[in-house]
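Step one of this worksheet: look at the structure below.
Bear in mind that the values here come from a model prediction, so they are computed numbers and not experimental data. In what follows, chains are A, B, ... by sequence order, proteins preceding strands, each numbered from 1.
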There are 4 protein chains.
Amino acid sequence: METTIQASRRERRIAARKSTILYAAGRLFAEKGYHRTTTKDIAEAADVSEGTIYNYFISKDDLLFGIMTELTESGKLGEQLQSSYLEGPREFLLTILQQRYEFLQKNGDMLQAVLSEILVNPELRRRYYEELIIPSQELLEHHLRERIERGQIRLIDPSIAARILLAMLSGLFILQVVGDSVIRSEWETIAQLLTDILFEGVAPG
Amino acid sequence: METTIQASRRERRIAARKSTILYAAGRLFAEKGYHRTTTKDIAEAADVSEGTIYNYFISKDDLLFGIMTELTESGKLGEQLQSSYLEGPREFLLTILQQRYEFLQKNGDMLQAVLSEILVNPELRRRYYEELIIPSQELLEHHLRERIERGQIRLIDPSIAARILLAMLSGLFILQVVGDSVIRSEWETIAQLLTDILFEGVAPG
Amino acid sequence: METTIQASRRERRIAARKSTILYAAGRLFAEKGYHRTTTKDIAEAADVSEGTIYNYFISKDDLLFGIMTELTESGKLGEQLQSSYLEGPREFLLTILQQRYEFLQKNGDMLQAVLSEILVNPELRRRYYEELIIPSQELLEHHLRERIERGQIRLIDPSIAARILLAMLSGLFILQVVGDSVIRSEWETIAQLLTDILFEGVAPG
Amino acid sequence: METTIQASRRERRIAARKSTILYAAGRLFAEKGYHRTTTKDIAEAADVSEGTIYNYFISKDDLLFGIMTELTESGKLGEQLQSSYLEGPREFLLTILQQRYEFLQKNGDMLQAVLSEILVNPELRRRYYEELIIPSQELLEHHLRERIERGQIRLIDPSIAARILLAMLSGLFILQVVGDSVIRSEWETIAQLLTDILFEGVAPG
DNA sequence: GATGAATGAGGGTTCATTCAT
DNA sequence: AATGAATGAACCCTCATTCAT
C-alpha cells in the first residue's frame, strides 16, 4: 500500500512536471515569441534542467504542438451550446461572447504564442485549422441552421454567417492583442452593442 | 548639371536596390517566416551579397520595420473615404470591404509575415498599433459619427462600432490565412451578407 | 550452509547479469561502434535499467575494457600450439590459420569494435599490445626458434619472422573487415597458397 | 593587374586555409580519435574560428571524408609500378615495400584516424574499399599475372597472391600502430627477410 | 559602394552519470 | 540490488554581423 501510494505520488509529480514545463514554455512564447525563447529560458522558468525538458518533449517544436493540443482541448466552443436552443438567440450570442472572453482570459497568452507561429508554420496551421477552426465553424453553422429553422432568426446562409461570427471573435482577440485596451475594459458594452447590431442592424428607424 | 544628373541617377539606383532587397525579404518572410529566413537567403533572392544588405539596412530587424512602413503606407484606409459621405452608408461599407479585399490580395503575404512578428515583438506591435490601427480606428469612428449625425445610421457608440468593424475586417483576414478557402472564393457573397446583417440585423420578420 | 548456498546462487546471478550486459554492449559496439552506442541502447539490449549498468561497471569505458579482457582470454594463440612440435611445420601453420579463422568467426565483431577504439585510445592500445600482441609474438617467436633448432625450417630471424606472421594474420582480418568477401569464402585456398608460398617461395623453378 | 594578383593571392590563401583545417583535423583525429575531437579543438589547432570550418566543410563528417579523399589521392600504389617490369621481381617487391614505408611515414596519422572510423562507419568503409583497396588489389593482381606470364615468378593464383601481399602490408601497418616499435626501426631488415621468404620460402635446404 | 570570408556567441540537443526512491 | 528521472556539461552547427579587400 505504501508503495502504491508512493508510486502514484511519483506519477503525479511526473505528470505535474510535464504540465509545469508546458505552461512555462507557453508563458515565455507569448512574452517574447517562440524563436526568441531558448530552451534554457524554459528550463529556468520551469525550474528544471534543460535535459529534463527532453524527457518530456522530443523537441522544442514538440512544446509548441503540446500547447496547441492544450488549446484545442480547452478551446472548443462549449458543447453545452448544443443543447441551449431553449435560450433565446440573443442570450445565446451573449453566452458565446462570454465564453470566449473567459477562454481568452485564461488562454490568451498561449493563443497569442501559437497564433504567431501558425501564421508561419504550415503544419501547425493545418492542425489549428482542422482541430479548432473547423469544429467551431461546424458547431456554429449547425446551431444557426437550427435557429433559422425554428424561426428564431431570419433566413440567411448559415455557413457564411458562421464565418462572419467566427471572424468577429477572432478579430476582437487580435485587436486586443495588438494593443487596443478598450476591448478588454469595455467588453460588456461591446458584447451588448454587437448583439444589438447583429440582431437589429444599424439602419436608422 | 552633369553632376546633379549623375547624383540623381545614382540616387535612383540606390533607391531601387534598397527596394529590391526589401521586396526580396518580404517575399521570403511571407514564405517561411522572419526567423526561418536568413540574411543569406535574402542576399541570394535580391542578387546582392550579404554585406550589401547592411549598406542599406542596419540590421535584419530593420528590414522588418521597413516592410512595416511599406504596409503602413499602402495599408491605410483610403483617404477618399473621407469625402464620400454622398454615397449611401451601405455603398460605403461595400467600398471599404472591396478596398480591404484588394489590399489583402496585394499585400496579404507581407501582412501575414509581419503580423506573426507583431504578435510577439512589442516594439513592432506598438508601431503597428499606432501607425495602422489607431488611424484606421479614428477614421472609421469619425466617419460613423458623421453618418450618425446625418441620420444615415441609427444612434450607436461610434467608438465601439468602429472597433467592431475593424475586428470584422481583421478577423476575416485571419480566418482566410489560417486556411478557410471560402472567404476568398465567396468574398462577394460575404460582403453582401455582412452588409445586410449589419444594416438590417438577423432578427426575424 | 543455507546462507552459503544462497550467496553462491546470488553470485552466479550477479555474474550472469554482468555477462549479459557485457555481451549486449559488445554486440552493439560491433554493430555501430563504441561512440554511437549509448548506455540507453545497452540497457535496453540487456534488458536492465541504465542505472543497473553502473552497479556492474564503473563507466562506459569500463565496458570496453571488459570486452577487451574477454577477447584477450579467448584470443590467445592456443596453448596447445606449445606442445605440437611433433606435427610438421606446414601442418602447424595450417592449424594456426584454422584457429585464427575460427576465432574471428566467433569474435570478429567484437574485435572490430575494439580495434576501432584501440587505434585511437592509448590506454586501450597499451593493454591490447601487452596482453594480446606481445604474448602472441613471443609464443610464435619461441615456436619458430624451436623449429629452426630442430631443422624443420631454415635459419631465419625468429623475431622478425614472427612479426611477419602476425602481420599476415592481422592483415587478412583487416582486409576482410574492410569489405573483401573473397577472404572469407576462399579461406581454404588462401591458407593453402599462403603456406605454399611461405615454405616454397614464389621464385620460378 | 594589381587586382588579378590580389585576387589570386586571396584565392591561394583560401585554398591554403581549407588544407590547413583538414590537416589540423587529421592530426587531432589520429591523436585522440574522431569522436573525442571537437570542432572547437580543430578550430584552435587550425587557428580559425569554429564558424570558418563550416565555410569549407559542410559538417564534421565531411572533414573525415576530406581526409579520406586526401589519402585516396596520395595513397595509391604508384603508377610507376605499371611500367617497371624490367626490374627483377625481387626489386619490384622491395620498391613496393619502400613506397609503402614512405607513404606511411607521411600519412600514417591520417590513415590511422580514418581506419578507426572505417571499422565502424559503413559508408566510409565502402568508399575506402572501392577507392583504395580495390584499385591496389587490381594493380597488384595485374602485375603479378604479367610476371607469371613472363616466367619471373612461378604459377600461382594472382588474385589470391595479391590479397596476401596487401594483407601483409596492411598488417605491418596495424602492428606498428598498435605499438610494435621494431617494425619501424627494423624496416630494412623486415623488407629483406620478407622478400627472401616470399621468394625462397622457409623450407630448409 | 560591393563583396563574401571570417567571426563567435548562442542555439537545440544528447548522453554518461548520479541518486532518491 | 534495481530503477529511471534528473542532471548539466559539452557537442555540432547556424547565422547576423563585421571588415579587409
Once you round it to whole Å, what is the distance between [atom2] of [N] and [atom1] of [X]?
{"X": "A/E44", "N": "F/dA6", "atom1": "CD", "atom2": "P", "answer": "18 Å"}
{"X": "C/F29", "N": "E/dA16", "atom1": "CZ", "atom2": "C1'", "answer": "12 Å"}
{"X": "A/N55", "N": "E/dT17", "atom1": "CG", "atom2": "C1'", "answer": "13 Å"}
{"X": "B/K18", "N": "E/dG1", "atom1": "NZ", "atom2": "P", "answer": "12 Å"}
{"X": "A/I21", "N": "F/dA6", "atom1": "CD1", "atom2": "C1'", "answer": "10 Å"}

Tell me every residue that passes salt bridge (Lys or Arg N to Asp or Glu O under 4.0 Å) with [X], counting only those two or more places apart in sequence or in another chain.
{"X": "B/R125", "result": "none"}
{"X": "A/K18", "result": "none"}
{"X": "B/E31", "result": "none"}
{"X": "A/R127", "result": "A/E131"}

>> Heavy-atom nearest nucleotide on DNA chain F for A/I53 versus C/I14: which residue maps closer to 5'?
In response: C/I14

>> By nearest heavy atom, map C/V48 and A/R17 onto DNA chain F; which one lands nearer the 5' end?
In response: C/V48

>> Under the rule for side chain to side chain donor-acceptor pair (under 3.5 Å), what residues qualify as partners of D/D109, not counting sequence neighbours?
In response: none

> With A/S59, which residues qualify under side chain to side chain donor-acceptor pair (under 3.5 Å), at least two apart?
Replying inline: none

>> Counting Watson-Crick and G-U wobble pairs with both distances under 3.5 Å, what is the dot-bracket string for DNA chain E, 5' to 3', using [ ] for crossing pairs and | for pairs to another strand?
In response: .||||||||||||||||||||

> Just checking C/Y56: base, sugar-phosphate only, or nothing, at a heavy-atom cut-off of under 4.0 Å?
Replying inline: sugar-phosphate

> By ring-ring contact (aromatic ring centres under 6.0 Å, His included), which residues pair with D/Y128, not counting sequence neighbours?
Replying inline: none

> Going 5' to 3' along nucleotides 8-13 of chain E, which nucleotides have protein heavy atoms under 4.0 Å from the base (write B), which only from the sugar-phosphate (write S), and which from neither (write -)?
Replying inline: B--SBB

> When you check the side-chain N and O atoms of A/N121 and A/Y34, is any donor under 3.5 Å from an acceptor?
Replying inline: no

> Are D/T69 and D/T72 linked by a side-chain donor-acceptor pair shorter than 3.5 Å?
Replying inline: no

